[in-house]
Amino acid sequence: MTVGADSKPLDVRRMELTGHVGFSTLPDQLVSKVTSDGFTFNIMIVGETGIGKSTMMDTLFNTHFDNVPSGHECQEVQLRKQTYLLQESSVRLRLTIVETVGFGDQINKEQSSCSHQVLADYIDSQFEAFLQEELKIKRNLNSYHDSRVHCCLYMICPTGHTLKSIDLVTMKKLDSRVNIIPLIAKADTINKSELAKFKLRIMSELAANGVQIYQFPTDEETVADSNSAMNGHLPFAVVGSTDMVKFGNKMVRARQYPWGVVQVDNENHCDFVKLREMLLRTNMQDIVDTTHRKHYETFRRNRLAEMGFSDSNYASVSEAYESQRESLQNEMQDKEERLKQSFVQKIKDKESELKDQEKDLHTKYEKMKREHAEEKRRLEEKKKHMEDEISDFLKRKVAMEQARAQQSTLKGKKK
């Protein structure tokens, strides 16, 4: 029974075939198609500087990625992203590794407590990019490079005591966004009894704080038993190494110490084989599907609700469009009105400033005018005084010349 466009149940009749048709090859066609297209897997690996994130990636995929060592001098958390194309037999895998740089290195606790926001923002940005591609009128999801983070390998420092507060806060922030698989890094630094207690303590703290980690699915019969058993081994205690060490008559990947050899691929030494089996060989596709079905759908539902979309009726898209259009128009009108008011206020302020400057200039002009008139008056007085002195001098000169002339005349008569 199925449901039609009018939401009424429709009866579906089961029919018997009288001969071979051919659609039984659909699974083979699907395998051929996906093998041809290749697969995509994106891992975020989180942990403190020097905890062995790059080594773990090299060990997990049995290769040497482009790793740049980072120190403890980072003032804030950064993400280093690299994409690689791997091929095993005829299967191609586009692998993206997003590695944290400077995580947990901040002395300032406020900066350290905000480290998780950088990771959450990155995961949300990849969801947003995929959503925008989905919402395009002309979209092509088949060729679109899906950059959504499928799995977060969270590497826990092997303290043997309790989880750090930054670990709890970060995992709590990320558990609704990504599939988290917790790992105890450098597990060869803890003995077996302490390691078992540490695992129990970690799971107890995660449960007490409501942190939801990824659980390997048990709904499929072929893997139900193994996945259920592996869920009981979380968090995996791992050791990473790409060094080949001779052990007996064979070469093995191991870490060699003065007291002995820790073999990476020996389940008696660490849980690396369990991690590889669960992550890559058994549940990789389920991790990808869970990302799309659970985490991305949660983001998509919330994001579309913010945009005004709803499932209440068939006209929700057009109504949401009109609502968003009206909201944007009102927002633009408000911005335009604020700009106008701001412009008018700036003009008024400028006019007032110019008037004040004009008043100052007028005051200075009047002062200079008065000073000029006073200076002119003083100069006129000096000029008149000098003219009077010159006139008086000329009069005395004429008088003296006349006196000299008279004296000369008198002397001539006496002779």
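If you're wondering where the values come from, they're calculated on a predicted model, not measured in any experiment.
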Examine distances only and state if a side-chain atom of [X] and a backbone atom of [Y] form a donor-acceptor pair shorter than 3.5 Å.
| X | Y | answer |
| --- | --- | --- |
| K53 | G47 | yes |
| S226 | V223 | yes |
| N227 | P217 | yes |
| T25 | G22 | yes |
| T290 | D286 | yes |
| N283 | F216 | no |
| N266 | N268 | yes |
| T291 | I287 | yes |
| S241 | D243 | yes |
| T55 | G52 | no |

Check your understanding: Under 6.0 Å from the six-membered ring centre of Y296 and within 45° of its axis: does the NZ or CZ of R148 meet both?
Key -> yes
Practice item. Would you name the heavy atoms of A187 and V239 that are closest together and state the gap between them? Key: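 Closest heavy-atom pair between A187 and V239: N-CG2, 4.0 Å.
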Check your understanding: G210 and D175: which non-hydrogen atoms are nearest, and at how many Å?
Key -> O-OD2, 3.6 Å
Point to revise | Full working for salt bridge (Lys or Arg N to Asp or Glu O under 4.0 Å) between D121 and R177 | key: CA-CA 10 Å; D121 289 345; R177 292 175 166 85; over 6 Å; no
Practice item. Could you walk me through whether L119 and K173 pass side chain to side chain contact (heavy atoms under 4.5 Å, CB included), step by step? Key: CA-CA 9 Å; L119 312 183; K173 186 74 173 181; over 6 Å; no
Practice item. Establish, from distance only, whether the side-chain atoms of N209 and E205 form a donor-acceptor pair under 3.5 Å. Key: no
Practice item. May I ask you to check whether T96 and T83 show a side-chain donor-acceptor distance below 3.5 Å? Key: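 Yes - a donor-acceptor pair under 3.5 Å links their side chains.
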Tell me whether [X] at atom [atom1] has more than 12 heavy atoms from other residues, nucleotides or ligands lying less than 6.0 Å away.
| X | atom1 | result |
| --- | --- | --- |
| Y257 | OH | yes |
| K192 | NZ | no |
| E366 | CD | yes |
| E389 | CD | yes |
| D225 | CG | no |

Review point. Out of K384, R377, R378, which residue meets the salt bridge (charged side-chain N to carboxylate O under 4.0 Å, His left out) rule with E381?
Key: R377
Point to revise | Parallel, tilted or perpendicular: ring planes of Y154 versus F103, cut at 30 and 60 degrees | key: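 Rings of Y154 and F103: perpendicular, over 60°.
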Review point. Should K335 and E331 be marked as a salt bridge (Lys or Arg N to Asp or Glu O under 4.0 Å) after you check the CA-CA gap, both sets of side-chain angles, and the distance that decides it?
Key: CA-CA 6 Å; K335 286 184 178 180; E331 184 179 351; 3.7 Å; yes
Check your understanding: Under 6.0 Å between ring centres, would you say that holds for Y144 and F130?
Key -> yes
Practice item. For D265 and R276, run salt bridge (Lys or Arg N to Asp or Glu O under 4.0 Å): C-alpha distance rounded to whole Å, both residues' side-chain angles, the deciding distance at 0.1 Å, then the answer. Key: CA-CA 10 Å; D265 299 296; R276 183 182 60 195; 3.3 Å; yes
Review point. Given the rule in the side chain to side chain contact (heavy atoms under 4.5 Å, CB included) test, do I184 and L195 qualify, once you have shown the distances and angles that lead to the verdict?
Key: CA-CA 9 Å; I184 299 175; L195 187 58; 3.9 Å; yes
Check your understanding: Are any of the side-chain nitrogens in E48 or K164 under 4.0 Å away from the carboxylate oxygens of its partner?
Key ->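 Looking at E48 and K164, the cut-off is met.
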Check your understanding: Using 4.0 Å as the upper bound for N to carboxylate O, is an ion pair formed by R303 and E306?
Key -> yes
Point to revise | Intermediate values then yes/no, salt bridge (Lys or Arg N to Asp or Glu O under 4.0 Å), K136 and E133 | key: CA-CA 5 Å; K136 286 181 179 179; E133 181 66 23; 3.0 Å; yes
Check your understanding: How many angstroms lie between NZ in K340 and CD in Q333, if you round to the nearest 0.5 Å?
Key ->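 Here the interatomic distance stands at 9.5 Å.
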